[in-house]
Every structure is written in structure tokens, then in C-alpha cells.
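Below: one structure, written as C-alpha cells.
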Amino acid sequence: MAFTVAIDGPAAAGKGTIARSVAAHFGFSHLDTGLLYRATGARMLDGEDPAPAAWALVPEDLERDGLRSAAVAEAASVVAAMPEVRAGLLAFQRRFARLGDGAVLDGRDIGTVICPEAEVKLFVTATPETRAARRFAELRAAGAETTLAEVLADVQARDARDAGRDAAPLMAAPDAVHIDTTALGIDEAVAAAVAVVERARG
Ligand code: CDP
Ligand code: CDP
């Protein structure tokens, strides 16, 4: 029986880091669902109509350069508010969640819409300032010319759009376990998540 771990939360909260480590710890597969929206946003920036682009995504779309840029993050959150885009990406995510022994998916609506029956649901948060500082460090390391204030404004605008939309808004499932990573190092955050999964596996 497949075991699903659903991880949601706002930008740069540490979802991906926790998801990758939990997947490695338990030998589960991992899907970064944000990449699907980023790839669709990138195709919109190329001039394509987003909904047909979402339905037509191919694996190579997820390996494009520049998917982690601020411009693509913003485009991702614009296309993510479109119900036809979300519909185009739904079946693949649901199928992925049920493949093999176990799967970890991270995004915004995994515990609420994609996998409401997930065995474990985590809602990962941190203060906006902490998240912006983390994302700023990543963008600078990748060579982007930006400021902390600009990254904070981008992250807050994206969170507001993601939480305020009608289609699958960012929110915690009622049965999600909350992990606030503000004061946690990566190892501590991962250990907290692993402990929740271990408890659920009994
Ligand atoms: O997936 P999400 O956007 O939620 O965040 P992430 O990509 O996992 O983490 C964003 C950045 O914060 C990465 O550079 C992580 O190494 C860092 N991070 C951290 O410093 N402390 C944590 N407890 C978790 C992540
Ligand atoms: O890494 P970070 O948390 O900054 O963003 P991401 O997970 O790559 O997601 C980029 C954007 O895709 C988000 O701001 C959301 O608008 C959208 N998204 C979504 O709507 N639903 C998901 N399951 C995953 C991402």
C-alpha cells in the first residue's frame, strides 16, 4: 500500500528541504509540485497560453534553466490561480502520490486537494522575514542581482496571491501537523518531520 506524505506551506518555508530528506530517509519518491507551476509559468513567459501549456507539459519542461528565478516564481503564482491550469496538473500529481511504496509531495494544496487522504500532512511555516532571508541567500548564490527588501516584497505578494485565490488556496488541512522552522536548523526541521512520519507508520 502506498504511503503519502503531503507537505504544504508558503514560499521558502523549508518544504522542499524537508520533503527531499524525508523521502531519502524512508526510501520514498519525491515530487516538487511547485516545479509544475513554474514550468507552466515559464511557458506563459514564452508567449504560450497557460492552460494548454499545463496540459501539455513534458519532463524536459521541468529541467529548463531559470525555473528558480523570481520572474518565473511570480509567473507560476499567476498561472496557479487559473482553475484550468490546476486541472491540467491534477491527474499526474495524484498518480505520482500512489506509485511505489511511498511518495512525498510538496506544494500548496497537497493535503487539501491533491491528496486529502494522505497518511501524513505537514504544514511548514516560518516568519516572512526568515523566509525572505533564506530565499535572498539562494538567489544571490545563483548570481541574481536583488535586495533583501525586494525578495521580501515578492515573497509576501506571492503568499497573498496564493492564499487569496479561489482555486485551491494555500491553507493548512485541518488535520495537518504544523512545523514552524523559524528557529530550527535544517537538521532539526527534518528530524521533526521524520518523527511525525515515524509515528504515523506505527
Ligand atoms: O520548498 P520551500 O520553498 O518551502 O523552501 P526550501 O527550498 O526547502 O528552503 C529554502 C531555503 O531555506 C533553502 O536554501 C534551505 O536550505 C533553507 N532552509 C533553512 O535555512 N533552514 C531550514 N530549517 C529550512 C530551509
Ligand atoms: O519554492 P517556493 O515555495 O517559493 O515556490 P514553489 O513551491 O516552487 O511554487 C511556486 C508557485 O507555484 C507558488 O507560489 C504557487 O502559486 C504555485 N503552486 C501551487 O499553486 N500549488 C502547488 N501545489 C505548488 C505550487
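Predicted model only: the values in this text are computed from it and were never measured. Atoms within each ligand, like the ligands themselves, are counted from 1 in listed order. All residue numbers refer to positions in the sequence shown, counting from 1.
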Checklist entry - Between T17 and ligand 1, which residue portion shows a heavy-atom distance shorter than 4.0 Å: side chain, backbone, both, or neither? => result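 Near ligand 1, T17 shows its backbone as well as its side chain.
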Checklist entry - For the atom pair CZ (R38) and CG (L62), what is the distance rounded to the nearest 0.5 Å? => result 12.0 Å
Next on the checklist: My understanding is that a hydrophobic cluster links ILVMFWY residues whose side chain heavy atoms are under 4.5 Å apart, including indirect links. Using that, what else belongs to the cluster containing L99?
Outcome noted: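 Reading the cluster by chain and number, L99 sits alone, since nothing else belongs.
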Item to check | Donor-acceptor under 3.5 Å (W55 side chain, A87 main chain) | outcome: no
Checklist entry - Is L184 in polar range of ligand 1, meaning some N or O pair under 3.5 Å apart? => result yes
Checklist entry - Is the shortest distance from a Lys or Arg side-chain nitrogen in R64 or D46 to a carboxylate oxygen in the other one below 4.0 Å? => result yes
Item to check | side chain to side chain contact (heavy atoms under 4.5 Å, CB included) partners for D8, two or more places apart | outcome: I110, F123
Checklist outcome for this item: Per-atom filter on ligand 1: closer than 4.0 angstrom to a heavy atom of G185 are 23 (N)
Next on the checklist: Before you tell me yes or no, could you show the steps for D154 and R135 under salt bridge (charged side-chain N to carboxylate O under 4.0 Å, His left out), namely the whole-Å CA-CA distance, both residues' side-chain angles and the distance that decides it to 0.1 Å?
Outcome noted: CA-CA 10 Å; D154 283 355; R135 185 51 45 89; over 6 Å; no
Checklist entry - What pairs meet the salt bridge (charged side-chain N to carboxylate O under 4.0 Å, His left out) rule with one or both residues in residues 170-199, with sequence neighbours excluded? => result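 Applying salt bridge (charged side-chain N to carboxylate O under 4.0 Å, His left out) to every pair that reaches into residues 170-199, excluding sequence neighbours, yields K121-D175.
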Ligand 2 polar-atom proximity to protein (N/O, under 3.5 Å):
residue	atom	partner	partner atom	Å
ligand 2	1 (O)	R135	NH2	3.4
ligand 2	3 (O)	K15	NZ	2.8
ligand 2	3 (O)	R108	NH2	3.0
ligand 2	4 (O)	R38	NH2	3.3
ligand 2	4 (O)	R135	NH1	2.7
ligand 2	4 (O)	R158	NH1	3.3
ligand 2	4 (O)	R158	NH2	2.8
ligand 2	5 (O)	R38	NH2	3.3
ligand 2	5 (O)	R108	NH2	3.3
ligand 2	5 (O)	R158	NH1	3.3
ligand 2	7 (O)	R108	NH1	3.1
ligand 2	8 (O)	R38	NE	2.6
ligand 2	8 (O)	R38	NH2	3.4
ligand 2	14 (O)	R108	NH2	3.4
ligand 2	14 (O)	R158	NH1	2.8
ligand 2	14 (O)	D162	OD2	2.6
ligand 2	16 (O)	D162	OD1	2.6
ligand 2	16 (O)	D162	OD2	3.2
ligand 2	20 (O)	R86	NH1	2.8
ligand 2	20 (O)	R86	NH2	3.4
ligand 2	20 (O)	R165	NH1	3.0
ligand 2	20 (O)	R165	NH2	2.9
ligand 2	21 (N)	R86	NH2	3.0
ligand 2	23 (N)	T33	OG1	3.0
ligand 2	23 (N)	R108	N	3.1
ligand 2	23 (N)	D109	OD1	2.9

